[in-house]
Each structure stands twice: as C-alpha cells, then as structure tokens.
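The residues of the chain are indexed from 1 along the displayed sequence. As the structure is a prediction and not an experimental result, all values here were calculated from the model. Because only heavy atoms are used, hydrogens play no part in the values below, and waters and symmetry mates are left out as well, while side chains stay in.
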Amino acid sequence: MSIIYGKDFLVGYLFDILLRIVLVGLFIELEKAEPFTRIIHEDELWLYKKPRTESYVPTTILWPLVFTMPVIIIFCVFLVYKDKTDIYQAILAVTLALGFNGVITDIIKLIVGRPRPDFFWRCFPDGQTNPDFKCNGNPVVIKDGKKSFPSGHSSFAFTSFGFIALYIAGKLHTFSLGKGQLWKLFAFVLPICIALLIALSRTFDYHHHWQGSIIGYFLAYMCYRYYYPPLDSQVCHKPYAALNQIQLENTRNKNEQIKWI
C-alpha cells in the first residue's frame, strides 16, 4: 500500500519537515539558556548534599539508544511487511514525540530550576560555604546543576522506548487479536523495562529525579495515537494514512461500479 502523492500530501510533508526542524532548533537554544535560580535555605541544604558520581548511563550511551533503536525497530518491521506507508508514518510519529519531548522537558527545567541532589558540591567543590551563599564552582557545572526536574534521561528514554513498546504491540496485536500469547506481552514490556532502568539510574547517581518518565511516555502515546489506531483495534498494525487510503480506494471502486450499472 502506498500513498498517492498529491498536492495536499506535499504540503503536509513540507510542514512535517519544517515542524521538526523548528523543534530541533528550539531544543538546541533551550539547552543554552540559563535556568531559574531557586533560593536554597540553610535548613534544606541536606537535600542537595548527595555525593557527585559518574552517570550510570552517560549521554554517549543514551543518545545512540534513544535515536537509533526506534529506527532499527521500524526498519526491521519494514523488512518483514515491506510497507512504505508504515515506515514513513512511524518515523513521523517517533520524531514528533522526541522533538516535543526535548522542547517541553527543557522548558520545564528552565522554569522550575530545581537543583540536582548533588548541587551543593557543584556549587561549593571544596565543601565550604560563604555568608552570601554565592557559588564558587565551575559556572557550566553549576548551570547544569539547576536542571534536575524533569529528568531528560527519563523523559527521552520513555519517549523512545515507550514508542517502541507501542509500535511493537500494534504490529503484534498484543492487546487485540494476540491476547493470551505471553511472548507478545513480553515484547511490549521489555522496552518499558529498559526505559525504567535508565530512569532509575538517574536516582542512583544522584543526578535527577524520576518524574520525567511520565512526560516521556505521555508524549510517546500521544504521538503514536495520532498516527495509529488504538492497540485494541483489529487494524492497529496499520497507520491511519494507510487505512484512509484503503477507504478512499474502496469508495472509488464503488463509484465506478455505480457508473457501470
């Protein structure tokens, strides 16, 4: 099944590309912005005195996982079904989810300005405070230390792997025709577990809080459902674009039959 490439499709295609470019540009600019500086009272310093540690899942591992795994899964599905419409719609869905997640996560980070659990040691590397509580650490490290909520690791992990879980469940009919087949449920749960481990690792290394997971999965679900039917549908394996095309062709065939009567 393929899409008819008319004027409306080309306009929509250009808008899709432009929107994603804008989201990437916004994300890059927001990453450079200065977050809100919260007042930390002396009696709450203990909340931010967790030891500084290396990330269990550094960004050098996170970004390849987040951006390549959905593409790999989508491509593998394409090799099986050879559906060009599906691969196009799936790429649109996951890139939209990741783009929205990056922008929304960063906006919340900048507005909230919640210090990381290890912020004290970022602010005062020698462990010695001063009367006006003015940080004397590395400005870049201090700036990053004000971006604890929500966790970018958690939100991106649940956006990416959450989409993978939904996409696999749709293709396998896990919650419709495939009910009662445990391996299909396992295929859905496994990506969620990977995202959960990444999110939990941010609490172990004292870099983040876990709440970004909710944002990430919500955006993954929203964008998936924009392009695909609900998972309990008997046609959940087909994107709406393909279903609309089938309906359009059926309508044309009926009209042609009427003409011949």
Answer whether the closest heavy-atom distance between the side chains of [X] and [Y] falls below 4.5 Å.
X      : Y      : value
Leu166 : Tyr228 : no
Leu65  : Phe161 : yes
Leu231 : Thr174 : no
Phe119 : Lys50  : no
Ile87  : Tyr81  : no

(message) Angle between ring planes, His237 versus His173, binned at 30° and 60°: parallel, tilted or perpendicular?
(response) tilted

[atom1]/[X]: more than 12 non-hydrogen atoms of other groups inside 6.0 Å:
X      : atom1 : result
Tyr240 : OH    : yes
Phe218 : CZ    : no
Tyr226 : OH    : no
Gln234 : CD    : no
Phe67  : CZ    : yes

(request) Could you name each residue pair satisfying side-chain hydrogen bond (donor to acceptor under 3.5 Å, both in side chains) that touches residues 158-167, not counting sequence neighbours? (result) Asp86-Tyr167, Asn101-Thr159

State whether the side chain of [X] and the backbone N or O of [Y] hold a donor-acceptor pair below 3.5 Å, judged by distance alone.
X      : Y      : result
Lys184 : Leu172 : yes
Arg122 : Val141 : yes
Arg38  : Lys146 : no

(message) Test of understanding: clusters of I, L, V, M, F, W, Y form through side-chain heavy atoms closer than 4.5 Å, transitively. Do Leu62 and Ile164 belong to the same one?
(response) yes

(message) Once rounded to the nearest 0.5 Å, what's the spacing between atom CD1 of Ile72 and atom SG of Cys76?
(response) 7.0 Å

(request) Taking only Lys NZ, Arg NE, NH1 and NH2, and the carboxylate oxygens of Asp or Glu, determine whether Asp83 and Lys238 approach each other closer than 4.0 Å. (result) yes

(request) Test side-chain contact (heavy atoms from CB on, under 4.5 Å) on Leu96 and Tyr227 and set out the steps. (result) CA-CA 11 Å; Leu96 183 63; Tyr227 289 93; 4.2 Å; yes

